[in-house]
Every structure is written in C-alpha cells, then in structure tokens.
Amino acid sequence: MNRGNQSSVSEFLLLGLSRQPQQQQLLFVLFLSVYLVTVLGNLLAILATTTDSHLHTPIYFFLNNLSFVDVCFSSTTVLKMLANHILGNQTIIFSGCLTQLYFFIAFCDVDNFFLAVMAYDCFVALCCPLHYTTKVTHQLCALLAAVFCVIANLNALLHTLLMAQLSICADNTILHFFCDVTPLLRLSWSGTYLNEMMILTEGAPIMITPFVCNLASYICITSAVLRVPFTKGRWKAVSTCSSHLAVVSLFYGTIIAVYFKPSSSHSAEKEIAAAVVCAVVTSMVNTFIYSLRNKGVKWALRKVTFMKIFSVK
C-alpha cells in the first residue's frame, strides 16, 4: 500500500447531479421536498405508534424501526448534498467521505433486513394467525433487531476499511452526489479485486437472502388471499401486497443492477439514477406504503391530532 499517495488526497469533489445552475436549483427544491416528506412522514408515524399503547406489537415495532432507518438512510446522502448547494462548496474531506460510505452501507443493510422481516410478519399473521403469538414474540423482535444492526455494521466496517486501503489517484473528482462504493473504486489506481470480490461473496448474500425471503413471503400471502372467496378485503389485501412487492422490487432491483456488477461496466448516469431511487425515492415511498397508509398508524395519528386540538381548547 502506498501511504504517500493515499494521504495526499485530503478531500473529494462531489459534482452532484448537474452542473447547470438552473437544474441545480430545481433539483435542490425537489430533493429538499422529498427529504422533508420522508422525515416528517416517518417521524409522525413513529410518534403515533409509540404514543398509542394498542400499537405496541411486533409489526409496529418493526415499522417504527423501518421508519427510523429510512430517516437516517435518506439523511446520510441527501443532507450533505443540500448543505453543499447552500454553502456553494462541493468538497468533502477524506474521513467524511469514508464515514458517509460507512453509514450508507449500514443503513442500507438494516433497511434491507427490516423489509424482509416485515414481509415474514405479514405472512405469519395472514397465513398462520393461530401461531402468530408463539412465532413472533417481543423477545424475538428485539433479538432480530440487534442481530440486524450487528451484521449491518460489520458489513459496513469491512467495506469501509477495504476502501481506506486503496490508493486514490490525483483526480479526486467524484461523479456523484455522495460517496458511493463504485465511484470511489473508479478513483483508485491500485487493485480493486478484493473489494469487488467482497461485494460479490459477502455483500451479495446479505442482500439476496432477504430479497428471496420477501419474494417467498409475498407469493405465499397472495396465494393464500386468492383462495379466499371474493370480498372487498381480499382485493385490499392483494393491493397491499402488490404495493409492498413493488417497493421491494424497486429497492433490490437498483441495488443488484449497480453493486453486483463489475465497476468497469457501470456508467456514472446509471449509478446516480440507481442511487437516487435506492437512497431517496424508496425511503419516501416506504413512508406512505408501510407507515402512513397503515390503518393502525392512521387511526393513531387521528387520535393524537384530536388530543392536541382538545388540549388546546
């Protein structure tokens, strides 16, 4: 490892999404709006479910965690881009870049795990309702959440440390709006074989296994629902499953398309588009599909709003 070349790169230049001033202004407003919707929507969902004792159940435990992770996941990438635009400074220091990369990977992994376990929770609740209380317990939920956090942080630490060992070339310009894996690999003039092998051999199972779990759970749920005689509730259940599956497919599709292909086959435009979908769009969509659209969350929000109005009067 060449420490001299590595230490000479003290900062990176994030070019963002566009170099056109008018487009930058439009994108800033768009990303700020999406970010505010994501944060406010998820925080409202967390507030509603934590204040209502009737919603202190396993599914809402995972829902709260997913909402919290979505806020952090979106903040990891979007906040820096918004700050750079306001300050007129597109630089990020070397340690800051690695820190952003670490949290991006960690929150992405945790998001991935919670989507899978929520799909399993729905499967047990709909297909095995009599065994739900024995299969999905509060102790199991807490244990799964702890395991997910440990695995996600270890995976993020591994890839961040491997990235820190690379020798970065003199051109420190990142064609992206945050420090993502593939743009950083492209800047390295030292071998990236180990990094790419770890993504495929260690990172792929962490993503593919929950994706298969999601897919299997929703297929079983849909199959069970379709066997029920025609009712309004049946089609509502199918609609819910379809929307969940669409979000899951969008999330995993972008990740698999970008991160599990050789970095030499990537284009900057596709990487940026996939990152926007993965880290920004899905976090906002999750807010509506999983949280604000949930019947229990909507009822709790109405109750909290009513109590606030009544207390003011």
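On a predicted model such as this, the values are computed, not experimentally measured, just so you know.
With sequence neighbours left out, T91 forms a side chain to side chain contact (heavy atoms under 4.5 Å, CB included) with E11, L13, N89. By the side chain to side chain contact (heavy atoms under 4.5 Å, CB included) test, F68 is found to be paired with I46, C72, residues two or more places apart in sequence or in another chain being considered. The disulfide (SG to SG under 2.5 Å) check on C97 picks up C179, with sequence neighbours excluded. With sequence neighbours left out, D121 forms a salt bridge (Lys or Arg N to Asp or Glu O under 4.0 Å) with no residue at all. Every residue was checked against the side-chain hydrogen bond (donor to acceptor under 3.5 Å, both in side chains) condition with S217, not counting sequence neighbours, and none meets it. Residues passing the side chain to side chain contact (heavy atoms under 4.5 Å, CB included) test with H138 are P58, sequence neighbours excluded. With sequence neighbours excluded, the residues forming a side chain to side chain contact (heavy atoms under 4.5 Å, CB included) with T57 are I59, Y60, listed by chain and number. Residues satisfying the side-chain hydrogen bond (donor to acceptor under 3.5 Å, both in side chains) criterion with S223, sequence neighbours excluded, are R227.
Side-chain atoms of D70 and N42 form no donor-acceptor pair, as typed in the model, at a separation below 3.5 Å. Inspection of the Q90 and H85 side chains reveals no N or O donor paired with an N or O acceptor under 3.5 Å.
The CE atom of M118 lies 4.5 Å from the CG atom of L63; values are rounded to the nearest 0.5 Å. Atom-to-atom distance recorded for M207:CE and E202:CD is 10.0 Å, nearest 0.5 angstrom. Atom OG in S249 sits 4.5 Å away from atom CG in L245 (nearest 0.5 Å). The line from SG of C127 to CD1 of I221 is 6.0 Å long, rounded to the nearest 0.5 Å. If you take OG1 on T134 and OH on Y132, they are separated by 11.0 Å, rounding to the nearest 0.5 Å. Rounded to the nearest 0.5 Å, atoms OG (S188) and CG (L185) are 7.5 Å apart.
Both L36 and V280 sit in one connected hydrophobic cluster of ILVMFWY residues. Membership requires side-chain heavy atoms under 4.5 Å apart, directly or through other members. No continuous path of ILVMFWY side-chain contacts below 4.5 Å connects M163 to L175, so the two sit in separate hydrophobic clusters. In this structure, L154 is not a member of the same hydrophobic cluster as Y102, with clusters built from ILVMFWY side-chain heavy atoms closer than 4.5 Å. If you chain together hydrophobic residues whose side chains sit under 4.5 Å apart, I93 and L166 never meet in one group. One hydrophobic cluster, built from ILVMFWY side chains closer than 4.5 Å, holds both L43 and Y290.
Residue pairs satisfying the ring pair (Phe, Tyr, Trp, His ring centres under 6.0 Å) criterion with at least one member in residues 191-211, sequence neighbours excluded, are listed as follows: F211-Y252.
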Which atom pairs, one a donor and one an acceptor, fall under 3.5 Å between side chains of residues 139-149 and the rest of the protein, sequence neighbours left out?
none

Listed pairs under 3.5 Å, donor-acceptor, residues 27-35 side chains, sequence neighbours left out:
{"residue": "S33", "atom": "OG", "partner": "V29", "partner atom": "O", "Å": "2.7"}
{"residue": "Y35", "atom": "OH", "partner": "S75", "partner atom": "OG", "Å": "2.7"}

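Scanning both residues, L101 and V181, for their nearest heavy atoms gives CD1-CG2, 3.5 Å. Of all non-hydrogen atoms in P183 and I174, the two that sit nearest each other are CB-CG2, 3.7 Å. Considering every non-hydrogen atom in both V69 and D111, the closest pair reads CG1-N, 3.8 Å. Closest non-hydrogen pair, L17 versus M81, comes out as CD1-SD, 4.2 Å. Taking all atoms of both residues into account, the shortest heavy-atom contact from T287 to V37 is CG2-O, 4.3 Å. In terms of heavy-atom proximity, N64 sits nearest to A45 at OD1-O, 4.0 Å.
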Chi angles and distances behind the side chain to side chain contact (heavy atoms under 4.5 Å, CB included) call for H159, I199: CA-CA 8 Å; H159 291 288; I199 291 173; 3.8 Å; yes
Test log, rule side chain to side chain contact (heavy atoms under 4.5 Å, CB included), inputs T173 and F12: CA-CA 6 Å; T173 302; F12 294 97; over 6 Å; no
Intermediate values then yes/no, side chain to side chain contact (heavy atoms under 4.5 Å, CB included), Q25 and Q20: CA-CA 9 Å; Q25 292 290 343; Q20 302 296 326; over 6 Å; no
Residues I92, F178; criterion side chain to side chain contact (heavy atoms under 4.5 Å, CB included); working and verdict: CA-CA 9 Å; I92 182 171; F178 72 97; over 6 Å; no
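In this structure, L158 belongs to a hydrophobic cluster whose other members, linked by side-chain heavy atoms under 4.5 Å apart, are L162, L194, M198.
Taking the six-membered ring where the residue is Trp, the centroids of F73 and F104 are separated by under 6.0 Å.
Of the possible donor and acceptor atoms, one in the side chain of N214 sits under 3.5 Å from a partner among the backbone N and O of P210. Without hydrogens or angle criteria, T222 side chain to I219 main chain gives no donor-acceptor distance under 3.5 Å. For N112 (side chain) and I206 (main-chain N/O), a donor-acceptor pair under 3.5 Å exists by modelled atom type. Remark: side-chain polar atoms of N65 are paired, donor with acceptor, to backbone N or O of F61 under 3.5 angstrom. A donor-acceptor pair under 3.5 Å is formed between the side chain of H56 and the backbone N or O of T50.
At least one side-chain heavy atom of F94 sits less than 4.5 Å from a side-chain heavy atom of L98. Using a 4.5 Å heavy-atom cutoff, the side chains of I208 and I256 are in contact. Put simply, the side chain of F177 does not reach to within 4.5 Å of the side chain of L14, judged on heavy atoms.
Aromatic ring pairs are classed by plane angle as parallel below 30°, tilted from 30° to 60° and perpendicular above 60°; the pair F123 and Y120 is tilted.
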